[in-house]
Amino acid sequence: MKLALFLLTDLLLGYVPQAAGCAVCLFMFVKESLRTRKFLITTCFYSMVAVVIRLAYTWKLIDFGFHTVVIWAIFVLIAIAYNRYPVVQSTFSILVSGVLITVSELITAGILVLIYGEKNFTNMMNNTETLDGKLVKAWCGVPTNILFLIIVLVAYFVARRRWKKNSEATQNVTQ
């Protein structure tokens, strides 16, 4: 039961929201609607890539830190190859996503340190030898992923409102 809870937490509240946030950021930079099948497929691709690369890290096939670079590079390749988006916007969106994920992690970590204390927080993050420890760490990551997704969704809808205003202004000028 705990293994199923861990897998659901790690996948549904970890990888999927973070992949969806990266996809939202990508679609924002290329000015594309989220109401497309392409958005869902991109999110699925991003989620699968993140899971596979993290497993490669877990199995010691790649080093810590390098797995993030590999994930981002593959995300950019998906944006370019599958979505047919420009290289600059695709790369920039992933870099912005990385910065926003880092900011979200720092905010969450700061709050968790205030709540649990630095020593307990460090123990929670480093205790990944047991399933219970992995589950606690996965749950600690949930607020980060939700915060990241909220930030990029707000940015997307603000940007979308600007696109509409600019589009209407352009139409008024041409008439």
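Values below: all heavy atoms of this structure, side chains included; hydrogens, waters and symmetry mates excluded.
Residues Val49 and Ile78 meet the side-chain proximity criterion, which asks for heavy atoms closer than 4.5 Å. Side chains of Leu112 and Cys140 form a contact here, defined as non-hydrogen atoms less than 4.5 Å apart. A 4.5 Å side-chain heavy-atom check between Asn123 and Asn126 finds every atom pair outside the cut-off. Residues Lys137 and Met124 are not in side-chain contact: their nearest non-hydrogen atoms beyond the backbone lie 4.5 Å or more apart. A heavy-atom distance below 4.5 Å is not found between the side chains of Leu131 and Leu135. Contact check for Glu32 versus Lys38: side-chain heavy atoms found under the 4.5 Å cut-off. Inter-residue side-chain proximity for Arg37 and Ile41 is flagged as met; some heavy-atom pair is nearer than 4.5 Å. Side-chain contact between Tyr15 and Arg54 is present, with at least one heavy-atom pair separated by less than 4.5 Å.
With rounding to the nearest 0.5 Å, the separation of OG1 in Thr122 from CG in Asn127 is 12.0 Å. For the atom pair NZ of Lys134 and CG of Leu3, the computed distance is 9.0 Å after rounding to the nearest 0.5 Å. To the nearest 0.5 Å, atom OG1 of residue Thr91 and atom CG of residue Leu77 are 9.0 Å apart. To the nearest 0.5 angstrom, Cys25 atom SG is 9.5 Å from Leu95 atom CG. Expressed to the nearest 0.5 Å, how far NE2 of His67 lies from CD1 of Ile53 amounts to 9.5 Å. Separating the CG atom in Asp10 from the CG atom in Leu5 is a distance of 10.5 Å, to the nearest 0.5 Å.
Close placement of the Tyr156 and Trp163 rings is indicated, their centers lying within 6.0 Å of each other. Taking the six-membered ring wherever Trp is involved, the centroid distance between the rings of Phe75 and Tyr46 falls below 6.0 Å. Between Phe27 and Tyr85, the ring centre distance stays below 6.0 Å.
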Test side-chain contact (heavy atoms from CB on, under 4.5 Å) on Ser47 and Gln18 and set out the steps.
-> CA-CA 8 Å; Ser47 297; Gln18 205 165 84; over 6 Å; no
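In this structure, Glu105 and Thr144 approach most closely via the heavy-atom pair CG-CG2, 3.3 Å. Residues Ala159 and Met28 come closest through the heavy atom pair CB-CG, 3.9 Å. Between Ala79 and Ser90 the shortest heavy-atom distance is CB-OG, 3.4 Å. Smallest separation of non-hydrogen atoms from Gln89 and Pro86: OE1-CB, 2.9 Å. Here the closest non-hydrogen pair linking Thr43 and Ala23 is OG1-CB, 3.5 Å. Between Leu11 and Pro17 the shortest heavy-atom distance is O-CD, 4.2 Å.
Side-chain heavy atoms closer than 4.5 Å link hydrophobic residues (I, L, V, M, F, W, Y) into clusters, and following such links, even through other members, never connects Leu12 to Phe148. There is no path of hydrophobic side-chain contacts, each under 4.5 Å, that joins Ile150 to Leu34. Linking Ile, Leu, Val, Met, Phe, Trp and Tyr residues whenever their side-chain heavy atoms come within less than 4.5 Å leaves Trp72 and Leu61 in two separate clusters. Both Val152 and Ile101 sit in one connected hydrophobic cluster of ILVMFWY residues. Membership requires side-chain heavy atoms under 4.5 Å apart, directly or through other members. Transitive grouping of hydrophobic side chains (ILVMFWY, heavy atoms separated by less than 4.5 Å) keeps Ile107 and Ile146 in distinct clusters.
In this structure, Lys60 satisfies the cation-pi test against Tyr57, with its NZ or CZ atom closer than 6.0 Å to the six-membered ring centre and inside 45 degrees of the ring normal.
Atom CZ of Phe157 is surrounded by more than 12 heavy atoms from other residues, nucleotides or ligands within 6.0 Å. The environment of Phe66 atom CZ is sparse: at most 12 non-hydrogen atoms of other residues, nucleotides or ligands sit within 6.0 angstrom.
Between the side chain of Asn145 and the main chain of Leu13, a donor-acceptor pair closer than 3.5 Å is present.
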